[in-house]
Amino acid sequence: MHTPKRYLITSALPYANGLKHIGHLAGAYLPADIYVRYLKAQKRDVVFVCGSDEHGTAIPIQATKEGTTARTIIDKYHPIMEQNFKDLGIAFDIYHRTSSSLHHETAQEFFTKLNDNGDLEIKETEQYFDEEANSFLADRYIKGTCPNCSYANAYGDQCENCGKSLSPDELINPVSTLSGNKPVKKVTKHWYLPLNRHEGFLREWILKEHASDWRGTVIGQCKSWIDGGLQPRAVTRDLDWGVSLPDSVEGGKGKVLYVWFDAPIGYISATKQWALDNGKDWKPYWEDKDTKLVHFVGKDNIVFHCIIFPVMLKLHGNILPDNVPANEFMNLEGDKMSTSRNWKLEMQDYIDDFINKENGGSQMADVLRYYLTQIAPETKDSEFTWQGFQDANNSELVGIFGNFVNRAFVLMHKLCKGKVPPLHLDILTDLDKTTIEEIKSTKEKVENLLEQYKFREALFEVINLARTGNQYMQKKEPWIVAKQTSDNGQPTTEAQQSIDNTLHICLQLCANLAVLINPFLPFTARKMCYLMKVVDKMLDWENAGKIKLLSVGYSLRSPELLFRKIEDSEISYQIEKLKAAVINRESSNVNKEKIMEEVTQPASEEKKETPVKPEIIFDDFAKIDLRAGKIVSAEKVEKADKLLKLQVDLGFETRTIVSGIALHFTPEDIVGKQVTVVVNLAPRKMRGIESNGMILMAEDSSGKLHFINPETNINPGAGVS
RNA sequence: GGCGAGGUAGCUCAGUUGGUUAGAGCACAGGAUUCAUAACCCUGAGGUCACGAGUUCAAAUCUCGUUCUCGCUACCA
């Protein structure tokens, strides 16, 4: 296999609007770190970059929610995330941030080059502009009278009354929702990345060239996207938070790069910063064909890293990723992990509860790394259970791995005076030989698996070597052999030689375990080096498979336990804590700081924003006829996941209303329920069914819907004001 | 609803181009042992490979249908 000259490894840039959980860790950061540590142990030229994604509308929205500025938000989360990664042993060469000026310059240069080369499409349109707010107005920031139904408060993109899709031009008497003023028409342009021009390239590159070496899930999603028809994608936005378009770009004032465009460029700017800090040249890492670029991401990020960013890279003249080993998702105790529902284990929480504790320490970071790797969602969604976590620690790390190292050290001190005993080649048994062979072959296996990004299996092979060690020791029984004593009470020469060989091999096996486990459990590997009194250099990968890592006669330290048992009480505490967090959230969900949906990003779409709507006068409000109603029947609408068809008793009549609440309520649940209905809303057809009115719902911070209804039962048809 | 990925032992997962009695780890049961963190070691029990058809001498594997889970997408006034 060809060994590339250098490697550039990236982990998805986490979005700087909140703390990240272990699903993120297992998906994009831990596997990348393992891979990087392996490459570095091989002395390959490798840079591991990551950083906070600090743009996009979710940041200013979070700021509004916390009553502060966008800058404050990112300055708050960036350092915490950086520290979290560090505590868990994720050793980025640089953890950068997209708010840095270097990133802004880099992203601007990138845009400029594509723009100058004609690789972007410019669509120039007349758009409404608010002179007072001095900004262009996105469609939904404009209101006016609907040309179709004469409804007075139609949005620029759609009329809420008749449902007709509109463009702002069609509105009669348009008004800016920012200032309430009448907007003026101004010419504006937006830049688009015409993905459709690159379909041929993508088909060839992904579906042919990488058909066999990329994961099936990755290929599948890419194919789905390409076959679905690629569309031009807007690169710019009218916003003030983000990377501004370069001044040199005509008509670029007041526009920023769309976050999906700027975020992945963060990999490049991070590399530049790293190069600056270390006196290196960044260019070969992004331009030389002999660089192997690998993006580690979660499955929600596949298309950005396999389709969109590669098109950008190709146009800009950069290398393309060699692989994107995307992981599936990790569930927690039977349910999806979710920040908004508070069903999660944050890295910070683990650090607080296990690492920064008296009986904790950095080896507890390794315990999490171990379990997350063991259950890594490499081929399908996997599940984190606290029971599984405890079992993995207690029976594998403690029972197999830690115990082997410990008993080898203890026996060595008891039977070999605390020194590495010699190996007597003339009396090597078949078992000795096969065990030595096993050490060598484990190296090969682990190596092959890591090259294929099969981390779970690779780790299993390492543990298996420890298992082999235990079996070997069990069969050789040096503690029994030691009882073959001569007259002086000491073991006979023959016995001692057998013991020497056994422990010599066990200790060399320990040294090998340290080398092999190092990419996965770096803290443990260091501790083993300490016990063996060797320098970290011993962990170089080339030492794996060798059985002369520890010199004969060298005295080693007294044994110390590598891992501690995790008690049942700690597990039940965590489970209680998890459940309690959900209950807390449910019972106090009103106006609590809204935590944005979790985003593994760097480049997902921005979440929909919900700005406060423009002021209305009482007359506007009075136009809305609200009535109390009662649901008399409900059924699911076919071919629609979210729609329920309801019959609502309004006293004076019973109406059909279609409502998008099917994900939250089953028809049986809501029959007989009181509701508040907008009764004078113009009818609208949805999935072929005419809906005559609208049910009012409130959405809580977890996205759950609640009916707005009178406290007590009142007669259908009663007015609401 | 469309597209993609999945459904294999109590749990977490492997199963290469269809080919003997479908594998591993954990948990469980029995045994052995004491150097070791009641750890380790040996043995065992366990599965209608989601369900139903089809192709084949032969199907966990290929085809079609059904169903459930996850992701993307549409429907939300």
Side-chain angles (χ1 to χ4, degrees), chain A residues 151 154-155 158-163 215-225 227-228 298-303 326 328-329 331 336 371 374-385 387-388 390-392 394-400 402-415 454 456-457 460 463-464 466-467 469-482 499 502-503 506 559-565 604-605 637-644 657-664 678 681-689 691 693-697 705:
Chain A
Y151 175 65
Y155 281 114
Q158 194 178 40
C159 171
E160 299 208 343
N161 191 33
C162 65
R215 289 184 180 169
T217 49
V218 174
I219 293 289
Q221 254 205 54
C222 291
K223 188 169 185 308
S224 168
W225 251 65
D227 289 346
K299 71 172 159 184
D300 53 339
N301 246 318
I302 289 174
V303 290
E328 303 286 297
F329 285 169
N331 295 330
K336 280 193 287 183
Y371 183 53
Q374 196 214 45
I375 60 166
E378 288 173 5
T379 53
K380 55 185 165 190
D381 289 357
S382 70
E383 172 136 342
F384 182 106
T385 62
Q387 185 63 55
Q390 185 189 24
D391 287 345
N394 291 359
S395 56
E396 289 166 38
L397 284 180
V398 174
I400 311 260
N403 184 43
F404 172 72
V405 174
N406 188 47
R407 65 199 298 211
F409 267 70
V410 169
L411 278 174
M412 182 266 296
H413 276 88
K414 282 189 181 169
L415 306 177
K454 293 184 178 174
R456 195 171 50 199
E457 226 177 307
F460 178 79
I463 294 301
N464 222 17
R467 191 171 272 122
N470 277 319
Q471 292 164 343
Y472 170 71
M473 203 182 270
Q474 201 70 28
K475 285 179 191 149
K476 297 276 290 193
E477 298 181 308
W479 54 92
I480 302 284
V481 177
I499 292 168
T502 302
L503 286 169
C506 282
E560 281 177 39
L561 299 180
L562 291 177
F563 304 99
R564 70 169 178 87
K565 284 214 152 196
S604 283
E605 290 287 1
V637 175
E638 276 185 33
K639 300 185 184 182
D641 287 349
K642 298 187 184 173
L643 300 180
L644 287 185
I657 294 177
V658 179
S659 185
I661 56 174
L663 292 179
H664 299 82
V678 183
L681 193 59
R684 160 130 196 231
K685 271 199 174 181
M686 278 178 275
R687 289 277 149 183
I689 301 166
S691 178
M694 169 177 169
I695 311 281
L696 296 188
M697 305 294 292
L705 295 181

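Quick note on labels: first sequence line is chain A, next is B, and so on, each numbered from 1.
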Using a 4.0 Å heavy-atom cut-off across all strands, classify [X] as base, sugar-phosphate, or nothing.
X: Lys336(A); result: sugar-phosphate
X: Ser659(A); result: sugar-phosphate
X: Val658(A); result: sugar-phosphate

Nearest to the side chain of Glu396(A), heavy atoms from C-beta on, is which of rA77(B), rG25(B), rA27(B)? rG25(B)
Of the options rU34(B), rC13(B), rC41(B), whose atoms approach the side-chain atoms of Ser382(A) most closely? rC13(B)
If you measure from the [atom1] atom in [N] to the same atom in [M], how many Å do you get, rounded?
N: rA60(B); M: rA9(B); atom1: P; answer: 14 Å
N: rG18(B); M: rC57(B); atom1: C1'; answer: 12 Å
N: rU33(B); M: rU16(B); atom1: P; answer: 42 Å
N: rC28(B); M: rU56(B); atom1: P; answer: 48 Å
N: rA59(B); M: rU20(B); atom1: C1'; answer: 15 Å
N: rG52(B); M: rU67(B); atom1: P; answer: 15 Å
N: rC76(B); M: rG15(B); atom1: P; answer: 42 Å

Which residues satisfy the side-chain contact (heavy atoms from CB on, under 4.5 Å) test with Thr217(A), sequence neighbours excluded? Arg215(A), Glu328(A)
The criterion is side-chain contact (heavy atoms from CB on, under 4.5 Å); which residues satisfy it with Tyr472(A), sequence neighbours excluded? Leu431(A), Asp432(A), Thr435(A), Lys476(A), Thr502(A), Ile505(A), Cys506(A)
Under the side-chain hydrogen bond (donor to acceptor under 3.5 Å, both in side chains) test, residues paired with [X] that sit two or more places apart:
X: Asn464(A); value: Arg467(A)
X: Asn403(A); value: none
X: Gln390(A); value: Gln387(A), Asp568(A)
X: Asn394(A); value: none

In chain order, what residues pass the salt bridge (Lys or Arg N to Asp or Glu O under 4.0 Å) check against Arg456(A), with sequence neighbours excluded? none
Kindly write out the residues that satisfy salt bridge (Lys or Arg N to Asp or Glu O under 4.0 Å) with Lys565(A), not counting sequence neighbours, or none if the list is empty. none
Go through it in stages, so that I can follow the logic: the residues are Asp381(A) and Lys336(A), the test is salt bridge (charged side-chain N to carboxylate O under 4.0 Å, His left out), and I'd like the CA-CA distance, side-chain angles, deciding distance and then a yes or no. CA-CA 10 Å; Asp381(A) 289 357; Lys336(A) 280 193 287 183; over 6 Å; no
rC13(B) P sits how many Å from Ile463(A) CD1, rounded? 18 Å
From CD of Glu477(A) over to C1' of rA32(B), roughly how many Å is that when rounded to an integer? 10 Å
Watson-Crick and G-U pairing of RNA chain B written in dot-bracket, each distance under 3.5 angstrom, with | for inter-strand partners: (((((((..((((.....[...)))).((((.........)))).....(((((..]....))))))))))))....
Please write out the pairs of protein N or O atoms and N or O atoms of nucleotides 37-39 of chain B separated by less than 3.5 Å, giving the distance to one decimal.
| from | atom 1 | to | atom 2 | distance (Å) |
| --- | --- | --- | --- | --- |
| rU37(B) | N3 | Phe563(A) | O | 2.7 |
| rU37(B) | O4 | Phe563(A) | N | 3.3 |
| rU37(B) | O4 | Phe563(A) | O | 2.9 |
| rA39(B) | OP1 | Lys565(A) | NZ | 2.9 |
| rA39(B) | O2' | Gly399(A) | O | 3.4 |
| rA39(B) | O2' | Asn403(A) | ND2 | 3.0 |

Could you list all N or O pairs between the protein and nucleotides 62-66 of chain B that sit under 3.5 Å apart?
none

Tested for side chain to side chain contact (heavy atoms under 4.5 Å, CB included) against Val658(A), the lone hit among Ile695(A), Leu644(A), Leu643(A) is Leu643(A)
Going by heavy atoms in the side chains, are Leu397(A) and Tyr371(A) under 4.5 Å from each other? no
Look for any protein N or O under 3.5 Å of an N or O in nucleotides 1-8 of chain B and output each such pair with its distance, or none.
| from | atom 1 | to | atom 2 | distance (Å) |
| --- | --- | --- | --- | --- |
| rC3(B) | O2' | Ser224(A) | OG | 2.8 |

